[in-house]
There are 4 protein chains.
Amino acid sequence: MIIILRPDVTQKEITQVIQRVEHYGAQVHLSQGRERTIVGVIGDVRVINQDEFMLMPFVDRVLLVSRPYKRASREFSAQNTVVSMDGIKFGTDEIVIIAGPCSVESRVQMLETAHAVREAGATVLRGGAFKPRTSPYAFQGLGEEGLEILAEARAATGLAIVTEVVSPDQVDLIAKYTDMFQIGARNMQNYPLLHKVGESQLPVLLKRGLSASINEFLLAAEYILSHDNPRVVLCERGIRTFETATRNTTDINAIPVLKERTHLPVILDPSHSTGHWQYVNAIARAAVAAGADGLIVEVHHKPEEALSDGGQSLKPERFAEMVTQVRAIAEVMGRSLSTKSISNED
Amino acid sequence: MIIILRPDVTQKEITQVIQRVEHYGAQVHLSQGRERTIVGVIGDVRVINQDEFMLMPFVDRVLLVSRPYKRASREFSAQNTVVSMDGIKFGTDEIVIIAGPCSVESRVQMLETAHAVREAGATVLRGGAFKPRTSPYAFQGLGEEGLEILAEARAATGLAIVTEVVSPDQVDLIAKYTDMFQIGARNMQNYPLLHKVGESQLPVLLKRGLSASINEFLLAAEYILSHDNPRVVLCERGIRTFETATRNTTDINAIPVLKERTHLPVILDPSHSTGHWQYVNAIARAAVAAGADGLIVEVHHKPEEALSDGGQSLKPERFAEMVTQVRAIAEVMGRSLSTKSISNED
Amino acid sequence: MIIILRPDVTQKEITQVIQRVEHYGAQVHLSQGRERTIVGVIGDVRVINQDEFMLMPFVDRVLLVSRPYKRASREFSAQNTVVSMDGIKFGTDEIVIIAGPCSVESRVQMLETAHAVREAGATVLRGGAFKPRTSPYAFQGLGEEGLEILAEARAATGLAIVTEVVSPDQVDLIAKYTDMFQIGARNMQNYPLLHKVGESQLPVLLKRGLSASINEFLLAAEYILSHDNPRVVLCERGIRTFETATRNTTDINAIPVLKERTHLPVILDPSHSTGHWQYVNAIARAAVAAGADGLIVEVHHKPEEALSDGGQSLKPERFAEMVTQVRAIAEVMGRSLSTKSISNED
Amino acid sequence: MIIILRPDVTQKEITQVIQRVEHYGAQVHLSQGRERTIVGVIGDVRVINQDEFMLMPFVDRVLLVSRPYKRASREFSAQNTVVSMDGIKFGTDEIVIIAGPCSVESRVQMLETAHAVREAGATVLRGGAFKPRTSPYAFQGLGEEGLEILAEARAATGLAIVTEVVSPDQVDLIAKYTDMFQIGARNMQNYPLLHKVGESQLPVLLKRGLSASINEFLLAAEYILSHDNPRVVLCERGIRTFETATRNTTDINAIPVLKERTHLPVILDPSHSTGHWQYVNAIARAAVAAGADGLIVEVHHKPEEALSDGGQSLKPERFAEMVTQVRAIAEVMGRSLSTKSISNED
């Protein structure tokens with residue numbers, strides 16, 4: 001922590017700052033320049049109440065030097081964390097493709113889509129049974145019936161399952177059906193929920209909030225990690241900006257930034273980050289070229305009848321094209337697509 | 001709903017659009033211009049799956065004409081809704097001032113601050129017992145002990161109480177202590193929570209999400225209203241933009257926009273919307289000048305020792321100045337500050 | 001300047017940093033903490049090439065301590081700068097109201113509007129003769145004919161004139177007609193233009209760029225000030241954010257932030273910052289309540305026939321209401337509206 | 001154009017709207033729904049003053065149906081425009097790589113860097129002689145001396161040259177030296193400059209403004225195109241968002257969106273769009289994977305001594321790696337890197 005004092009600070013005020021720093025058991029290094037006096041604070045600054053200094057009238061600014069997250073940082077683990085689940089590994093040279101509809105709508109829809117995405121090369125199936133919707137008048141999901149359909153699709157295809165959880169009291173129920181929890185963008189800072197999925201020890205796909213900075217994203221992961229659950233996969237899904245030509249702005253920069261700052265696997269959701277099926281394949285290729293460890297893509301066997309997100313869902317054929325293109329990019333990057341020996345398939 | 005077709009659309013394709021619209025029981029008005037064919041859809045478009053049309057390859061765009069919210073709209077109620085609670089009325093000519101610390105930290109802190117803000121002119125006391133914090137290493141609130149302290153402050157000063165709820169399973173507990181729920185910015189789209197506070201029938205102070213559009217803000221209110229709980233007070237608290245000189249950007253425009261679009265009371269939180277105590281009074285005055293129905297302000301008897309948000313908290317003397325300034329602006333606007341005949345005071 | 005080194009830095013690398021700092025004639029204060037080594041740089045850091053340090057592989061981050069602007073800063077001048085022009089003073093207790101149409105369209109339009117705004121209480125007339133328009137197909141202004149009409153309106157009403165300049169080669173021509181240059185938002189970083197108006201020594205109304213931070217805004221002012229032209233008035237006119245309910249988002253926070261950081265006068269443009277005439281009066285009141293030194297408002301005698309910005313222009317009667325409201329707020333703030341003894345009126 | 005009327009509109013008011021539309025020579029299609037009356041306007045709406053309708057008190061909203069640009073649109077030219085210059089073609093299957101330093105600093109720097117980037121695979125050399133800098137205290141470029149150095153580097157290496165122009169009065173001078181003008185982000189809406197480079201008939205590299213929407217970007221291109229100069233190459237270079245981990249946010253979505261909406265070539269600048277050399281290669285790969293027609297990259301033979309943008313400049317070896325990676329991605333996409341038979345090389 002660095003405390004920058006105002007130009008007209010007095011010696012007595014400087015002493016006051018030093019005493020308060022030392023009160024916390026930390027040490028001070030003082031730099032008195034021509035224009036400014038700067039107080040460097042050395043020691044464990046996590047225990048220091050930074051506001052105390054910001055509020056001193058002769059303090060200009062307080063700068064933080066350490067990153068605010070710990071377990072999520074590269075410094076905590078230089079090696080990439082591998083999140084394993086049902087024979088699939090996130091965070092290796094193998095790129096994992098998750099695909100499926102936005103919402104579970106019916107047995108037929110789910111089974112048809114599941115077979116199609118498995119055939120095309122996906123190894124994980126997505127589908128929401130509990131849907132957070134902007135409007136109370138929109139379809140809110142099938143609930144537990146949806147989970148049962150997911151389980152059936154899992155049994156029929158051998159695909160692993162990821163599904164969204166929106167409330168702490170659903171965690172135990174959903175844990176019975178799913179291989180992995182999804183925390184959606186709107187819930188990235190739903191702390192009771194983060195605690196609860198952290199405790200569950202199941203893998204968690206954590207989506208970045210619409211307006212969450214990369215630091216805040218990693219702090220949200222830290223909540224889960226703090227329960228000794230290291231099985232967190234980060235998902236960039238577009239941020240909100242002034243541009244309205246697309247539903248969100250894919251923050252492609254976040255891929256190399258996250259790979260530098262954290263050891264956790266990082267995937268990208270080109271369906272939400274663009275909001276238009278036409279752009280999904282281009283952004284899926286870009287994500288893998290930028291170094292993403294996987295993709296999560298909305299696919300629907302009949303997008304024009306989807307109860308949610310139809311406009312950004314790929315048809316199975318288009319998805320198959322995407323997988324082919326992505327595989328080619330992966331190979332150029334010295335990687336491959338994750339495959340799965342599926343024993344329990346039909 | 002308006003469906004704009006691509007320039008090269010064929011007559012057969014136009015017929016296909018018309019048939020699908022009619023399939024939903026709606027009617028079509030067709031405009032065939034030189035450059036474009038436009039299909040106007042008449043009837044209850046809320047039942048129509050808009051994506052179906054967006055996905056037709058010969059459709060260029062689909063525009064929505066109606067506002068997506070209903071009960072929150074001015075058209076639903078031309079008259080301002082008055083939210084009453086413990087003798088205080090939001091949404092009248094009287095401007096309500098809510099004040100208090102970010103978090104409940106101790107009996108002494110709460111009682112001292114409560115007396116100070118009552119003296120200065122506040123009629124509602126704020127204070128968080130359950131705190132959503134960006135970092136898992138930050139103070140997370142006192143929990144039920146904090147609620148008991150709030151109740152004690154309420155008894156001692158006669159101030160009404162508003163406190164934040166972050167999870168649906170806390171709603172029943174908190175309802176025993178509080179006069180009004182606060183839904184924080186991070187939970188504006190926590191739908192299970194919105195449903196639960198809607199059911200409670202208690203008044204709800206709903207804060208705008210960091211990156212929520214005004215439409216989404218009103219749709220979040222709609223979740224609560226849809227439970228026949230009309231007691232919603234909207235709170236602008238700053239949005240996230242590129243500007244870093246302040247913690248957030250106060251969207252002062254939102255005040256007149258909301259007053260035009262909705263009948264619900266609208267207040268502003270200048271503490272979070274600026275993040276620096278130095279700017280709070282200026283923005284509090286601006287809010288009332290722009291037409292806000294109230295303010296919620298962070299006040300701490302010793303901000304430099306606050307466990308959270310100290311840097312944006314006012315000292316009691318500074319808050320008293322703010323109330324004086326705001327009262328003067330209110331009077332110029334033909335309004336006054338809310339007062340409360342307090343019987344149970346010490 | 002503060003250089004934060006990576007945790008694994010070696011003693012030899014630290015020495016390398018110190019030598020490079022000293023090479024610039026600056027001095028080093030070294031803080032070696034448990035987690036980090038920090039190098040404080042003391043002396044005139046403006047001569048130091050900061051990138052040199054950012055690029056050293058063992059450097060984590062470089063933080064700037066001083067503000068990048070000098071003449072624009074409060075530290076350069078503790079007293080408010082007063083910008084005088086034709087008997088009007090910006091930056092005193094008197095609030096200056098500038099009003100007029102977006103574009104000069106005709107003699108009749110300009111004279112009618114000029115008389116109307118003078119009557120209502122404006123002392124400066126705005127009107128563009130050279131218009132920067134997003135579309136090449138939109139009306140681009142009358143050019144020099146427009147300047148002549150402005151001069152005529154000036155002679156007829158005694159109002160001072162402010163008009164926009166969009167290119168360095170127009171500066172000399174426009175200087176013959178105007179009392180004050182306006183630099184529009186799109187040109188805030190048009191440096192050849194800033195230099196040229198700086199040299200002119202005329203007062204300059206500098207509008208903030210759509211996505212300019214407050215620091216960049218002050219650096220743009222610094223360009224003008226660096227020509228020993230201290231006659232700069234800053235104008236907040238809304239920034240671009242994700243919110244689309246209004247044309248821009250009024251950054252009302254910028255008023256107190258700028259008043260703290262700079263000695264230059266600060267005004268606000270509620271017409272552009274909202275984009276809808278309905279919201280202009282509310283935001284004009286808010287600006288003055290927040291501490292603005294003036295307003296610039298679009299007024300048109302027949303907005304529905306305006307060739308540009310009609311949707312955000314006030315009719316004269318509505319503008320007169322605005323002035324009345326703003327005057328009342330100003331008085332509550334211990335200020336008044338600027339008046340002008342006008343000798344040359346008809 | 002579609003005019004949506006307020007729910008309580010009267011028949012007389014509807015008639016008024018129709019008469020005004022017809023006054024412009026356009027026709028009306030009326031849709032009277034249960035909730036709303038909608039007026040579709042058919043004919044050439046570019047002549048209609050849209051504000052006139054927005055200002056009618058019984059009009060709710062006015063929606064535009066046509067795109068505001070014409071010559072830049074896909075509808076104007078279904079075929080991709082190929083911009084040729086000195087044997088290089090933008091907009092074909094060949095991906096063009098432009099590289100070089102931010103600023104021309106010296107003969108040695110320019111020649112060394114030019115040889116290095118040519119060797120690595122670039123065919124165009126960038127370098128600024130006139131630099132727009134945020135601070136007036138930063139290096140502003142060598143001016144004409146810089147142009148001469150560029151010409152020398154051109155002669156020595158056979159690379160084509162692109163250099164920035166910041167003022168209309170420099171256009172003629174720079175045209176003597178350069179093969180292509182660059183319009184920087186800050187000048188994207190500098191209309192006198194756009195007109196002047198449009199008249200020049202030289203190719204123009206037009207960079208997207210920091211906060212320009214894709215529509216505004218295409219309208220800026222339209223200014224140049226309107227002078228019958230079709231030689232415009234669009235360059236995405238990052239937009240300004242709330243995220244501060246990178247200098248800007250690369251809007252990778254803009255690549256497929258622009259390829260869909262316009263026939264003009266589209267390239268990406270990963271140096272400015274990230275601001276950190278560490279992320280440049282990842283984003284360069286992503287751009288080509290997303291469908292970009294080229295790249296413009298900052299390369300400096302000694303970034304740590306660069307007078308500007310050192311922190312985002314690649315060293316020649318790192319740039320060579322980038323070219324190798326990008327070439328591999330291009331091949332997977334069925335494309336190749338542009339090469340150039342260089343006759344006048346040393």
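Residue numbers start from 1 in every chain, and the chains themselves are labelled A, B, ... in the order their sequence lines are given, proteins ahead of strands.
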### Message
Could you work out, with side chain to side chain contact (heavy atoms under 4.5 Å, CB included) as the rule, every residue matching Glu22(A), not counting sequence neighbours?
### Response
Ile18(A)
### Task
Give, as side chain, backbone, both or neither, the part of Asp8(C) having an atom under 4.5 angstrom from any heavy atom of chain A.
neither
### Task
Select one option (side chain, backbone, both, neither) describing which atoms of Ile2(C) are under 4.5 Å from chain A's heavy atoms.
side chain
### Interatomic distance, Leu63(A) atom CG to Ile4(C) atom CD1 [nearest 0.5 angstrom]
7.5 Å
### Query
Which of residues 238-264 of chain C have a heavy atom under 4.5 Å from any heavy atom of chain A?
Arg240(C), Thr241(C), Phe242(C), Thr244(C)
### Query
Is Gln27(A) atom CD crowded by more than 12 heavy atoms from other residues, nucleotides or ligands, each under 6.0 Å away?
no
